[in-house]
Amino acid sequence: MGKYNPIGIFDSGVGGLTVVKSLLEELPYENFIYFGDTAHVPYGNKTPSELFSYAHNIIKFLMANNVKAIIVACGTHSSITLPVISTEYSLPILGVVNPGAIMATNHSKNNKIGVLATQATVKSLAYTKAIKAINKNCEVYEVFCPEFVPLVEAGKLDGEATELAVAKYVQPLKVLGIDTLILGCTHYPFLDEVIGLYAGGDIKLINPSYTTVTVLKELLAEKGLLNDEGLAPQRDFYVSGDDSSFFRVGNLLLDNIIEKVAKVNL
Ligand code: DGL
């Protein structure tokens with residue numbers, strides 16, 4: 001394993017591209033393989049046993065492609081499968097929940113933190129536990145937002161349907177007086193303009209992607225696996241289901257960096 005080996009990244013669909021965005025800024029020379037499990041999107045309504053089965057198949061696929069580390073670019077898997085799978089494989093596997101919790105607790109002044117996430121993530125209380133492990137005085141309010149993932153997967157980042165959904169999910173958190181709001185599903189930062197507008201200037205939005213990539217950078221540097229050589233990176237995109245919609249929406253979200261999407265059956 002060396003520094004030119006790719007980083008593996010996965011999510012149910014285009015949501016993990018928020019992590020790719022941060023990766024392109026912070027680690028622009030890294031090769032990576034992105035897997036969007038579009039045959040199973042959305043993950044938010046899946047059971048833990050379904051999620052474990054998807055995670056094992058995807059990790060095996062990424063390992064067969066010689067990845068040096070994996071980012072679970074998905075709040076749902078980071079909440080439910082990551083604590084187990086990170087102990088079962090020999091390579092580093094990182095998620096987005098702890099970085100999100102660290103960013104939120106660093107920012108909050110009134111210790112009232114809101115979390116928008118999928119149903120499965122909210123049910124797991126992973127964000128509440130991670131935040132309280134850092135600061136037990138924090139009050140954490142989690143809301144699940146089933147309408148967001150279909151909107152993002154369809155590329156509907158604004159417009160009436162998006163605004164109505166945002167109002168529905170964010171209003172109860174505004175009433176509770178939060179000063180910090182974690183976008184706890186990796187799809188949601190693509191809606192940050194509408195969410196930010198509705199939440200207002202007093203509520204800071206937290207996108208866990210930035211810190212997640214920083215944690216990865218430190219880890220790769222420690223292991224001598226950081227690729228900072230300025231060679232043109234190889235960026236491969238795979239999906240398990242719909243590839244044309246991933247290609248279209250992914251390029252809308254990532255400013256046309258996706259050259260092709262390959263479909264694989266795991
Ligand atoms: N983007 C993922 C997450 O962060 C999956 C969302 C979904 O497919 O429901 O939870």
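Read the numbers this way: they start at 1 and go in the same order the structure lists the ligands and their atoms.
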| query | In terms of atom number and element, which parts of ligand 1 are under 4.0 angstrom from non-hydrogen atoms of Gly44? | reply | 7 (C), 9 (O)
| query | At a non-hydrogen distance cut-off of under 4.0 Å, which region of Thr186 contacts ligand 1 (side chain, backbone, both, or neither)? | reply | both
| said: If only side-chain N and O atoms count, and only distance matters, is there a donor-acceptor pair under 3.5 Å linking Glu153 with His187? | reply: yes
| field | Atom indices of ligand 1, in the order listed, that fall short of 4.0 Å to a heavy atom of Cys185 | value | 1 (N), 2 (C), 3 (C), 4 (O), 6 (C), 10 (O)
| message | Using a 4.0 Å cut-off to any heavy atom of Thr118, which atoms of ligand 1 qualify? | response | 6 (C), 9 (O), 10 (O)
| query | Would Glu50 and Thr47 count as having a side-chain donor-acceptor pair, cut-off 3.5 Å? | reply | yes
| said: For a quick check under 3.5 Å, do Thr128 and Glu142 share a side-chain donor-acceptor pair by atom type? | reply: yes
| said: Side chains of Glu139 and Tyr141: any donor to acceptor distance under 3.5 Å? | reply: yes
| In terms of hydrophobic clustering (I, L, V, M, F, W, Y; side-chain heavy atoms under 4.5 Å; direct or indirect links), are Tyr238 and Tyr34 co-clustered? | no
| note | among protein heavy atoms, the one nearest atom 10 (O) of ligand 1 is Thr76 OG1, 2.5 Å
| Ser12 heavy atoms, cut-off 4.0 Å: which ligand 1 atoms fall inside? | 5 (C), 6 (C), 7 (C), 8 (O)
| said: For Ser108 and Asp179, which I'm curious about, is there any donor-acceptor pair between the side chains at under 3.5 Å? | reply: yes
| request: Around atom 4 (O) of ligand 1, find the nearest protein heavy atom and jot down its residue, atom name and distance. | output: Gly75 N, 2.5 Å
| query | What residue and atom, counting heavy atoms only, is the protein's closest point to atom 2 (C) of ligand 1, and at what distance? | reply | Asp11 OD1, 3.0 Å
| task | Could you tell me whether the side chains of Thr118 and Thr76 share a donor-acceptor contact shorter than 3.5 Å? | result | yes
| Cys74, portion touching ligand 1 at heavy-atom distance under 4.0 Å | both
| task | Could you tell me the residue and atom name of the protein heavy atom closest to atom 7 (C) of ligand 1, and the distance to it rounded to 0.1 Å? | result | Tyr43 N, 3.1 Å
